[in-house]
Protein chains: 2
Amino acid sequence: MTEPLTQNIQDYLKAIYGLTSDGGKASTTALAARLGIAAPSVTGMLQKLAALRPPLVVYQKHRGAHLTPEGERAALEVLRHHRLLEAWLVESLGYSWDAVHEEACKLEHVISEEFERRIAAALGHPVRDPHGAPIPSAELVMPPTNDVPLGSLHGGERAVVRRVDCEDAPLLQRLKSLGLAPGAELNVLEVSPFDSGLTVQVTGQKPVVIDPATSSHIFVETVETMEA
Amino acid sequence: MTEPLTQNIQDYLKAIYGLTSDGGKASTTALAARLGIAAPSVTGMLQKLAALRPPLVVYQKHRGAHLTPEGERAALEVLRHHRLLEAWLVESLGYSWDAVHEEACKLEHVISEEFERRIAAALGHPVRDPHGAPIPSAELVMPPTNDVPLGSLHGGERAVVRRVDCEDAPLLQRLKSLGLAPGAELNVLEVSPFDSGLTVQVTGQKPVVIDPATSSHIFVETVETMEA
DNA sequence: AGAATAATTTAGGTTAACCTAAATTATTGT
DNA sequence: ACAATAATTTAGGTTAACCTAAATTATTCT
Ligand SMILES: [Mn+2]
Ligand SMILES: [Mn+2]
Ligand SMILES: [Mn+2]
Ligand SMILES: [Mn+2]
């Protein structure tokens with residue numbers, strides 16, 4: 001290992017990882033918005049990360065940045081910490097799922113590898129965090145998933161909620177009250193051709209209408225209907 | 001509340017608290033040694049802490065510093081975090097008592113008040129950490145103790161170990177293997193008039209000789225002998 | 001293509017903590 | 001009392017991250 005990365009750098013790498021999951025580049029502006037930092041500061045940091053030896057990002061002026069293998073490893077390390085911590089705050093300390101993000105965001109930079117090992121073992125080496133996000137393995141491999149956006153379903157399809165990709169506490173509370181949490185089964189009753197709004201029925205609940213802004217945070221796995 | 005204190009300032013306050021427990025002042029040099037920081041840097045920080053509004057320390061050139069009530073409250077807050085965390089790492093994650101200090105030292109600055117409340121409740125609101133150090137209450141009052149240094153006992157006295165004031169992992173391991181941990185009962189067999197070395201017998205163990213450098217870390221509560 | 005707009009970078013400056021070397025002030029021993 | 005020694009402070013400088021305002025470069029629209 002090289003020198004330990006600062007907390008700030010870890011946050012940058014995590015953000016770049018998140019913004020490049022589609023295979024593209026993370027732009028200066030997108031990073032600035034996500035991190036709440038002024039764009040010029042981001043430029044400076046990207047230049048620095050690209051100049052490190054070994055470099056953590058590949059960066060080209062005006063074209064944004066993406067992670068090098070080293071940068072990705074560092075990002076996955078932090079992400080593993082974050083998601084294990086979230087799982088463990090919920091399972092072991094009784095936090096609600098809308099309250100864990102902030103706490104995990106601070107702890108993730110500070111825990112030791114021993115701490116990581118112990119909570120992973122205590123939880124039985126979970127593969128998903130409380131929001132359904134996949135947890136990178138101890139070897140820093142991100143487990144593959146079959147999750148698709150809820151908004152991609154058609155009327156009549158059945159699915160199981162796998163992931164709610166959201167850090168906003170009020171929205172998480174609302175979704176939980178609607179039963180829209182990982183593991184919930186649902187039926188898509190109707191898709192509005194105008195605004196793509198979805199009418200869905202979670203098993204055992206009343207049907208609800210979900211606007212596209214909300215459904216974009218929800219990922220599901222479709223279920224084969226048993227009867228022909 | 002005012003602005004949150006930086007991690008560094010919290011460490012300074014904790015160190016000043018530790019160095020002034022005898023009612024005296026913490027000298028620049030002693031702080032520098034304890035924190036591993038150059039003396040000029042400490043001077044600068046003390047000046048800054050004394051200039052804060054409200055001031056966290058009272059500082060006079062060449063005379064060292066001590067905490068103001070605000071400074072003491074901040075120190076006790078961090079100390080409560082530290083000791084609760086140590087207790088909780090041992091009880092809940094199975095850490096050994098010689099491995100918790102480092103981890104707690106990083107986490108203490110980062111956990112929320114909610115985290116503090118939850119681990120305190122999970123542990124049943126403990127009053128001592130795994131080394132026997134008293135844990136400040138949620139209201140930030142340090143519980144009083146009757147602990148006296150092991151070295152202050154005379155031949156023939158009985159006592160119960162209450163506290164091992166030490167962060168050195170190898171020494172902690174050695175003491176544990178000798179049975180010298182909080183709760184252990186012991187008998188002082190002999191005190192050397194030359195070097196103040198103690199021969200003690202922990203109940204159920206073979207007698208051992210403890211040099212003054214070691215015994216200075218051990219605090220006990222004397223036990224009245226039941227038989228006349 | 002060329003002007004308007006938007007994104008990005010450069011320039012210059014701030015804050016928190018730290019450092020070393022030199023100057024100053026206390027303390028101590030005779 | 002006063003020189004030698006030890007402790008402390010001042011002076012000047014570094015690094016990591018940030019910021020705003022101005023300058024530059026891309027992109028988009030007619
Ligand atoms: Mn999260
Ligand atoms: Mn790790
Ligand atoms: Mn400790
Ligand atoms: Mn607290």
Side-chain angles (χ1 to χ4, degrees), chain A residues 2-16 19-20 24-66 71 74-75 78 105-106 108-110, chain B residues 2-16 19-20 22 24-66 70-71 74-75 78 105-106 108-110:
Chain A
T2 37
E3 335 127 336
L5 303 172
T6 67
Q7 204 160 304
N8 285 313
I9 289 178
Q10 292 180 354
D11 282 335
Y12 272 94
L13 296 176
K14 222 176 28 151
I16 296 168
L19 290 170
T20 56
K25 308 273 172 61
S27 74
T28 302
T29 315
L31 276 167
R34 177 134 166 177
L35 293 169
I37 287 172
S41 307
V42 172
T43 299
M45 181 58 89
L46 290 179
Q47 291 170 339
K48 178 173 156 183
L49 294 178
L52 282 180
R53 226 173 66 82
L56 298 176
V57 308
V58 176
Y59 170 63
Q60 281 182 280
K61 271 188 182 185
H62 294 102
R63 319 224 134 196
H66 67 271
V78 185
C105 253
K106 289 182 298 176
E108 65 192 2
H109 309 290
V110 155
Chain B
T2 35
E3 335 127 336
L5 303 172
T6 68
Q7 205 160 304
N8 284 313
I9 289 179
Q10 291 180 354
D11 283 334
Y12 271 94
L13 296 177
K14 219 173 34 148
I16 296 168
L19 289 170
T20 55
D22 58 358
K25 309 273 171 62
S27 74
T28 302
T29 316
L31 276 168
R34 176 133 166 178
L35 293 168
I37 287 173
S41 308
V42 173
T43 298
M45 180 59 88
L46 290 179
Q47 292 171 338
K48 178 174 156 181
L49 294 179
L52 282 180
R53 226 174 65 81
L56 298 176
V57 308
V58 175
Y59 169 64
Q60 281 182 279
K61 272 187 180 186
H62 294 102
R63 318 225 134 194
H66 68 271
E70 287 79 21
V78 185
C105 255
K106 289 182 296 176
E108 65 191 2
H109 308 290
V110 156

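Both backbone and side-chain heavy atoms feed into the values below; hydrogens, waters and symmetry mates do not. Each chain gets a letter, A, B and so on, in the order its sequence line appears, and its residues count up from 1. Note that the structure is a prediction, hence the values are computed from the model and not measured.
Taken from CG in B/Asn8 to NE2 in B/His109, the straight-line distance is 8.5 Å, to the nearest 0.5 Å. A distance of 10.5 Å separates CG of A/Leu56 from NZ of A/Lys48, quoted to the nearest 0.5 Å. How far CE of B/Met45 is from CG of B/Leu31: 11.0 Å, rounded to the nearest 0.5 Å.
Mapped onto DNA chain D by nearest heavy atom, B/Arg63 and A/His62 fall at different nucleotides, with B/Arg63 at the one closer to the 5' end.
Base-pair partner of C/dA22: D/dT9 (Watson-Crick or G-U wobble, both distances under 3.5 Å). When both pairing distances are held under 3.5 Å, D/dA17 makes a Watson-Crick or G-U pair with C/dT14.
At D/dA7, none of the side-chain N or O atoms of B/Lys61 fall inside 4.0 Å of OP1 or OP2 (strictly under the cut-off).
Side-chain atoms of A/Tyr12 and A/Leu35, non-hydrogen and from C-beta on, do get closer than 4.5 Å to each other. Within the 4.5 Å cutoff, side-chain heavy atoms of B/Glu108 are placed close to those of B/Lys14. Side-chain atoms of B/Leu13 and B/Glu70, non-hydrogen and from C-beta on, never get closer than 4.5 Å to each other.
Counting to the nearest Å, the C1' atom of D/dA11 and the CD atom of B/Gln47 are 12 Å from each other.
Residue A/Thr28 is in sugar-phosphate contact alone, with no base atom involved, counting any heavy-atom pair closer than 4.0 Å across all strands shown.
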Which letter, B, S or -, goes with each nucleotide of nucleotides 14-19 of chain C from 5' to 3', with contact meaning a protein heavy atom under 4.0 Å?
-> --SSSB
